[in-house]
Amino acid sequence: MKRFDVIVAGGGHAGCEAAHAAARLGCATAMVVTDRLSIARMSCNPAIGGPGKSQIVREIDALGGLMARVTDRAGLQWRTLNGAKGAAVRACRAQADTIEYETAMREELAATPNLSIIEGTVKDILAKDGAVRGVLLLSGDELAANAVILCTGTFLNGLLHTGLTQTPGGRVGEGPSAHLSDSLKKLGLTLGRLKTGTPARLHKDSINWDAAQEQPGDTPPPPMSYFTKKIGREQLPCHITHTNARTHEIIRTGFGRSPLFTGVIQGVGPRYCPSIEDKVVRFPERLSHHIFLEPVSRHNDEIYPNGISTSLPEDIQDEFLRSIPGLEEVKVIRYGYAVEYDFVPPTQTYPTLESKAVGGLYLAGQINGTSGYEEAAGQGLLAGINAARKVRGEEPVILSRAESYIGVMVDDLTTLGTEEPYRMFTSRAEHRLVMRQDNADQRLCELGRIIGLLREEQYREYRERQGRIQSLVKRLRGEFLNPTPETMTLLRNSGLPPVEMSIGIAQYMKRPDVALKRDSVFGDLAAFDDADIERAETEIKYEGYIARQNRWIEQMGKIENMPLEKEMNYIGISGLSVELQQKLEKVKPLTFGRASRIAGMTPAALSILMIHLKTRGRNV
């Protein structure tokens with residue numbers, strides 16, 4: 001029997017981060033995968049990041065994980081989303097070359113000391129006296145370890161659906177894990193069932209690109225990793241088209257053979273990434289939906305039509321695709337499908353991601369009910385760190401809601417659980433003003449160094465960057481603008497508003513129409529890169545908002561036990577999302593504290609609830 005310190009079952013995004021972390025922390029680690037060429041495979045969209053997700057990727061990067069820098073090695077396009085909005089909701093999103101991403105991740109793992117990759121399928125978890133002892137492979141081989149991390153993705157009893165045709169599998173062309181669910185049940189874990197889906201893949205040469213709107217990347221491209229100096233790769237454009245009334249009519253004709261509407265699919269699908277047939281039903285007033293035509297790789301002809309995942313029959317897919325502008329003669333490389341799979345409701349795990357039922361058994365990724373590469377990778381990193389620390393007899397790491405999006409996600413999952421695939425949004429983080437994607441290094445690099453995962457050269461780079469930013473902030477706070485003719489000319493030439501009296505630069509910068517610019521009244525900024533300048537500006541502009549948020553946190557403590565009306569009707573409360581109206585109506589929370597912990601509840605929604613009560617004459 002081969003012995004390891006840590007065994008990681010699965011080579012997806014959670015498995016990669018878990019295996020890398022455990023091995024980097026000095027543990028003899030085995031990653032068990034069915035096929036080593038499937039490591040880091042992007043089963044769905046070819047992109048990393050986006051609102052709420054880029055924050056997680058930057059946190060992984062700050063702690064010493066892999067996802068961000070692998071993305072920068074393999075990217076096709078980089079863009080900043082929500083650039084015109086506040087820094088708290090800005091996000092970087094990178095289209096990834098799926099082939100190059102897999103290759104780059106395999107190279108990173110191959111260069112990681114203490115890590116062995118074993119081809120095989122985990123059949124059974126070996127445990128004794130309430131603690132894990134290793135795994136049994138389908139081949140009959142046993143691997144011993146004091147910690148096991150399950151990163152099984154959509155493979156637990158996976159079942160693929162296209163129309164009414166069903167095929168066992170975790171994703172197309174790959175079989176399911178057909179035995180592990182039974183093993184988990186024997187260990188005392190309760191399982192549930194979820195569903196996700198993916199669209200057809202299209203041949204790029206069959207698309208009329210003139211009928212679609214081009215969407216280029218940013219220039220210069222914003223790196224995903226703090227430690228990427230510059231992106232020198234040529235960017236590829238994405239394109240936008242849309243469905244129409246004819247498309248929706250065709251989709252409706254397939255409802256009688258849809259596994260979603262005929263009751264064949266039992267698993268709950270993602271609320272925020274619904275299939276196109278689900279969109280047509282849920283939003284009948286919408287006459288069209290955007291479709292983002294995204295390149296999959298420089299090395300093949302696949303295009304990913306983001307926005308139209310489906311499990312409709314192949315003939316319906318053919319017909320509705322060809323009703324879309326630019327896709328009139330499209331050729332399908334692979335049809336869309338849905339996949340159902342088992343998951344372990346995550347209230348059965350601790351915030352360390354260790355199972356409550358079996359000591360040393362950790363769960364990360366979609367097995368915990370999440371969706372998305374980024375959410376999986378964040379969990380994998382935390383599970384890998386804690387598995388290694390358990391083996392080494394060290395205290396676990398628990399990330400709080402006040403310091404990271406990963407902490408918010410894990411707290412949501414382990415405290416509240418989830419009945420549908422969980423997706424991270426900025427609105428889930430009550431401290432999002434101080435947990436931006438731009439300052440994850442400030443929040444977590446120190447911890448990454450203490451844990452031992454962040455490399456020394458990365459830590460030195462972080463410290464140098466922090467020194468530059470703080471020196472710029474200090475300088476700006478100590479300087480003043482005076483309404484001299486020279487200053488007024490500089491302001492006018494820079495497109496900045498005039499000043500009528502002497503004012504501190506820091507105070508002046510808090511105006512919404514003022515941005516920190518080079519070659520202006522803000523002095524010589526040559527020693528600072530664009531990211532430094534943006535960070536300094538954000539730190540100054542957000543001072544008041546952060547103080548207000550801290551007061552809100554204090555206020556929340558006071559209203560924890562404030563009662564709510566038992567018979568209140570939540571349906572139709574203006575400003576509350578339909579999702580929250582439904583959940584409040586179902587739960588009927590007795591206090592604001594209980595309402596605050598309903599999955600998806602936000603500080604903004606609680607404020608709306610308070611205002612609603614005031615209009616009803618309640619003293620809140």
Listing, residues 485-501 side-chain donor-acceptor contacts under 3.5 Å, not counting sequence neighbours, or none:
unit_1, atom_1, unit_2, atom_2, d
T487, OG1, N482, O, 3.3
T487, OG1, T484, OG1, 3.0
T489, OG1, P485, O, 2.9
N493, ND2, T489, O, 3.3
S494, OG, L490, O, 2.9

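- R423 is not listed as a side-chain neighbour of R271, based on a closest heavy-atom distance of 4.5 Å or more.
- Using modelled atom types, one side-chain atom of R432 and one backbone atom of A429 make a donor-acceptor pair closer than 3.5 Å.
- Checked by atom type and distance alone, the side chain of S371 pairs as donor or acceptor with a backbone atom of Y422 at under 3.5 Å.
- Every residue meeting the salt bridge (Lys or Arg N to Asp or Glu O under 4.0 Å) condition with E456, not counting sequence neighbours, appears here in chain and number order: R449.
- In this structure, the side chains of C16 and L109 come closer than 4.5 Å at one or more pairs of heavy atoms.
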Intermediate values then yes/no, side-chain contact (heavy atoms from CB on, under 4.5 Å), L399 and V397:
CA-CA 6 Å; L399 297 174; V397 170; 4.2 Å; yes

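- No donor-acceptor pair under 3.5 Å is formed between the side chain of N439 and the backbone N or O of Q442.
- Looking at E539, E543, E537 one by one, the single match for salt bridge (charged side-chain N to carboxylate O under 4.0 Å, His left out) with K510 turns out to be E543.
- Residue pairs meeting the ring-ring contact (aromatic ring centres under 6.0 Å, His included) criterion with at least one partner in residues 39-88, sequence neighbours excluded, do not occur; the list is empty.
- Taking the charged nitrogens against the carboxylate oxygens, K53 and E375 do have a contact shorter than 4.0 Å, which makes a salt bridge.
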Under 3.5 Å, side-chain donor or acceptor atoms of residues 39-48 against the rest of the protein: list the pairs with distances, not counting sequence neighbours.
unit_1, atom_1, unit_2, atom_2, d
R41, NH1, E174, OE2, 2.9
R41, NH2, L37, O, 3.1
S43, OG, R171, NH1, 2.7

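- Between I505 and F522 the shortest side-chain heavy-atom distance falls below 4.5 Å.
- The two residues S404 and R443 come nearest to each other via the heavy atoms CA-NH1, 3.5 Å.
- Of all non-hydrogen atoms in E17 and L66, the two that sit nearest each other are OE1-N, 3.0 Å.
- Heavy-atom minimum distance, G452 versus L25: C-CD2, 3.6 Å.
- Minimum heavy-atom separation, P223 to I231: CA-CD1, 3.8 Å.
- Scanning all heavy atoms of the two residues, the minimum distance from C27 to T29 falls at O-OG1, 2.9 Å.
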Under 3.5 Å donor-acceptor pairs involving side-chain atoms of residues 81-94, not counting sequence neighbours:
unit_1, atom_1, unit_2, atom_2, d
N82, ND2, V89, O, 3.0
R90, NE, K85, O, 3.0
R90, NH1, E534, OE2, 3.2
R90, NH2, K85, O, 3.2
R93, NH1, Q95, OE1, 2.6
R93, NH1, E294, OE2, 3.4
R93, NH2, E294, OE2, 3.4

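- F480 CZ to L476 CG: the interatomic distance, rounded to the nearest 0.5 Å, is 12.0 Å.
- Checked against side-chain hydrogen bond (donor to acceptor under 3.5 Å, both in side chains), R465 has the following partners two or more places apart in sequence or in another chain: D441.
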Run R24 and R455 through side-chain contact (heavy atoms from CB on, under 4.5 Å) and show every step you take.
CA-CA 10 Å; R24 276 272 298 145; R455 300 174 189 274; 3.5 Å; yes

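- Within the 4.5 Å cutoff, the side chain of M435 has heavy atoms near those of the V408 side chain.
- We find the CE-CZ distance between M509 and R477 to be 9.5 Å, quoted to the nearest 0.5 Å.
- Between L381 atom CG and I451 atom CD1 the span is 7.5 Å, to the nearest 0.5 Å.
- For F425, the ring pair (Phe, Tyr, Trp, His ring centres under 6.0 Å) partners two or more places apart in sequence, or in a different chain, are Y272.
- Using a 4.0 Å cut-off between charged nitrogen and carboxylate oxygen, K229 and E461 count as a salt-bridge pair.
- No side-chain donor from either of D72 and S225 sits under 3.5 Å from a side-chain acceptor of the other.
- At distances below 3.5 Å, not a single donor-acceptor pair connects side-chain atoms of D411 with backbone N or O atoms of R401.
- A 4.5 Å side-chain heavy-atom check between I303 and V296 finds every atom pair outside the cut-off.
- In this structure Y373 satisfies the ring pair (Phe, Tyr, Trp, His ring centres under 6.0 Å) test together with H13, sequence neighbours excluded.
- A donor-acceptor pair under 3.5 Å is formed between the side chain of Q379 and the backbone N or O of G365.
- Taking CG of L609 as the reference point, atom CG of L580 lies at 9.5 Å (rounded to 0.5 Å).
- Among all heavy-atom pairs drawn from T426 and Q55, the shortest one is CG2-NE2, 3.6 Å.
- Atom CD1 of I291 and atom CD1 of I240 lie 11.0 Å apart (nearest 0.5 Å).
- Panel note: side chain T112, backbone E108; a donor-acceptor pair is recorded below 3.5 Å.
- Residues forming a ring pair (Phe, Tyr, Trp, His ring centres under 6.0 Å) with Y459 (at least two apart in sequence, or on another chain): Y462.
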Determine, step by step, whether M105 and E100 satisfy the side-chain contact (heavy atoms from CB on, under 4.5 Å) criterion, reporting the C-alpha distance in whole Å, the side-chain angles of both residues, the deciding distance to 0.1 Å, and the verdict.
CA-CA 8 Å; M105 186 63 80; E100 293 185 14; over 6 Å; no

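- Salt-bridge annotation for R475 and E479: present, with a side-chain N of the basic residue lying under 4.0 Å from a carboxylate O of the acidic one.
- Among residue pairs with one or both ends in residues 220-243, those qualifying as ring-ring contact (aromatic ring centres under 6.0 Å, His included) are W209-H239; sequence neighbours excluded.
- Within the 3.5 Å criterion, the main-chain N or O of R535 finds no donor-acceptor partner in the side chain of D438.
- By the 4.5 Å heavy-atom criterion applied to side chains, L353 and I149 are not counted as neighbours.
- A donor-acceptor contact shorter than 3.5 Å is absent between the side chain of Q77 and the backbone of Q235.
- At least one donor-acceptor pair under 3.5 Å links the side chain of T243 to the backbone N or O of H289.
- Counted by atom type alone, N386 and T352 present zero donor-acceptor pairs between their side chains at under 3.5 Å.
- Residues forming a ring pair (Phe, Tyr, Trp, His ring centres under 6.0 Å) with H299 (at least two apart in sequence, or on another chain): none.
- Taken from CG in L454 to CZ in R460, the straight-line distance is 10.5 Å, to the nearest 0.5 Å.
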Apply side-chain contact (heavy atoms from CB on, under 4.5 Å) to the pair R428 and M409, showing each step before the final yes or no.
CA-CA 8 Å; R428 294 190 189 273; M409 170 177 62; over 6 Å; no

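- Under the 3.5 Å distance criterion, the side-chain polar atoms of R286 are matched with a main-chain donor or acceptor of S288.
- Every pair tested for ring-ring contact (aromatic ring centres under 6.0 Å, His included) that includes a residue from residues 481-518 fails, sequence neighbours excluded, so the list is empty.
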